[in-house]
Amino acid sequence: MPELPEVEVTRRSFAEPITGAVIRQFQMGKPLRWPLGCSPAKLVGKQITSVRRRGKYLLIDLNQGLLLVHLGMSGSLRFAPQLGPLQTHDHMDMVTSQGTLRLHDPRRFGAVVYVPSEASPTVQKLLGHLGVEPLDDGFDPLDFYRALQTKKTAIKQVLLHGDLVVGVGNIYASEALFRAGIRPTLAAQKISKSRAQRLHQSIRDVLHHAVERGGSTLNDFTNAHGEQGQFQIEAMVYDRQGLPCRICKNKIKKMVQGQRATYYCSVCQKN
DNA sequence: AGGGTGACCTGTCGGC
DNA sequence: TGCCGACAGGTCACCC
């Protein structure tokens, strides 16, 4: 469910209303990817000072320490003044003075981790290797080209890997490569400077556009108010195998790279 | 060191 | 209808 746009849409939907709130109760359900890292009781009384994002992680800053939240493959957050009884797959419930934040995550690939400070080794382990933020000014086309020159791997895999640029998941990797006219299997180091610059722009465009449209609803994405996004309506290639390309009418193809599905148009996307 | 694979967990869908 | 395998938006640990 969540790539960068979905995580950012989620962040925007609850960052303001939760800022300044004091945690009144905190409880975890079944184990997630990693343990919380402290007793839930320790979080009671702490105040939320801001909500940031790094890649696909949400960083909930507290007056002491911070919570790292990852939505994994199937996670979603809700924030509301009042939420009903816990449902199956609700695995974090944080009652605050300004509303309740709840994580719903059927597959439990997500995580909620408390760290005492951003200098903690856990932060280094989880965030230390992450590449540049694609929507920030620090994402520079020439730097991007130079970095691609060092990678022999297929460009699709490089985008997914996250050490070069963060936040591009399986949907938006296919979409960005379609927009750039680049075949997903092409070795990253074979991409020319001008094509790398076009890909750089495509990544920014596709992610920016998806954030503006409220994220993908491929299955069931909702923001923290339970509202759906509408990106999937406009997907050019993702999950469209056998359907006509929206540009050239050739059939969209599907293949597998690194055990993940890749979609592309063999006419519009070239090696 | 970089690159490839398996593992984590649950739900859904298509085929027989 | 029921069972079984394949697959789903992520990413870390481990192998070579």
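A note on names: the letters A, B, ... follow the listed sequences, proteins ahead of strands, and every chain is numbered from 1.
The phosphate of B:dG3 has OP1 or OP2 within less than 4.0 Å of a side-chain N or O from A:T153. Between A:Y172 and C:dG9, a side-chain N or O to OP1/OP2 separation shorter than 4.0 Å is absent. OP1 or OP2 of B:dT10 sits under 4.0 Å from a side-chain N or O of A:R108. Here A:H70 reaches the OP1 or OP2 of C:dT11: one of its side-chain N or O atoms lies under 4.0 Å away. The phosphate of C:dG9 has neither OP1 nor OP2 within less than 4.0 Å of any side-chain N or O from A:Y263.
Salt-bridge check for A:E8 with A:R12: passed, with a basic side-chain N closer than 4.0 Å to an acidic carboxylate O. At a threshold of 4.0 Å, the pair A:R52-A:E118 counts as salt-bridged, since one of the basic side-chain nitrogens sits closer than that to a carboxylate oxygen. A salt bridge does not link A:D105 with A:R108: none of the charged nitrogens is closer than 4.0 Å to a carboxylate oxygen.
Between A:L101 and A:V69 there is no side-chain heavy-atom pair separated by less than 4.5 Å. With a 4.5 Å cut-off on side-chain heavy atoms, A:F14 and A:I48 do not count as touching. When side chains are defined from C-beta on, A:K193 counts as touching A:L142, because their heavy atoms get closer than 4.5 Å.
Across all strands shown, C:dC7 pairs with B:dG11; the Watson-Crick or G-U wobble distances both stay below 3.5 Å.
Spacing between atom NZ of A:K152 and atom C1' of B:dA1 amounts to 10 Å, rounded to whole angstrom units. Residue A:Q124 contributes atom CD, which lies 12 Å from atom P of C:dC12 at whole-angstrom precision. Put simply, CD on A:Q257 is 13 Å from P on C:dA8, counting in whole angstrom units. Going from atom CG of A:D163 over to atom C1' of C:dA13 covers 16 Å, rounded to whole Å. One atom, CZ of A:R240, and another, C1' of C:dG9, lie 18 Å apart when rounded to the nearest Å. Atom pair A:L32:CG and C:dT11:C1' shows a separation of 15 Å (rounding to whole Å applied). Put simply, CG on A:D105 is 11 Å from P on B:dG11, counting in whole angstrom units. In this structure, A:H161 atom NE2 and C:dA13 atom P are separated by 12 Å, rounded to whole Å.
Taking every side-chain heavy atom of A:E3 into account, C:dG9 is the closest of C:dG9, B:dG3, C:dC12. Listed nucleotides: C:dG10, B:dG6, B:dC9. Nearest to the side chain of A:Q259: B:dG6. Closest to the A:L126 side chain, of the nucleotides C:dA8, B:dC9, C:dC12, is C:dC12. Of all nucleotides listed (C:dG10, C:dA8, C:dC12), C:dC12 comes nearest to the side chain of A:H129. With B:dG4, C:dA8, C:dT11 as the choices, the nucleotide that has an atom nearest any side-chain atom of A:R260 turns out to be C:dT11. Listed candidates were B:dC9, C:dG9, B:dG4. Nearest to the side chain of A:I171 is C:dG9. For A:R107, the listed nucleotide lying nearest its side chain is B:dT10; candidates were B:dT10, C:dT11, C:dG9. Among the nucleotides B:dT10, C:dA13, B:dG3, the one closest to any side-chain atom of A:K30 is B:dT10.
If you check every strand for non-hydrogen atoms under 4.0 Å, A:H89 touches sugar and phosphate atoms only.
Both thresholds, 5.5 Å between centres and 30° between ring planes, are met by A:F109 relative to the base of B:dC8, so the two rings are stacked.
When all heavy atoms are compared, the tightest approach of A:S117 to A:L66 is C-CD2, 3.8 Å.
Between C:dC14 and B:dC9, the distance separating the two P atoms is 16 Å to the nearest Å. Straight-line distance between the C1' atoms of B:dG3 and C:dG9: roughly 23 Å, to the nearest whole Å.
Residue whose closest nucleotide on DNA chain C sits further toward the 5' end, between A:L160 and A:V256: A:V256.
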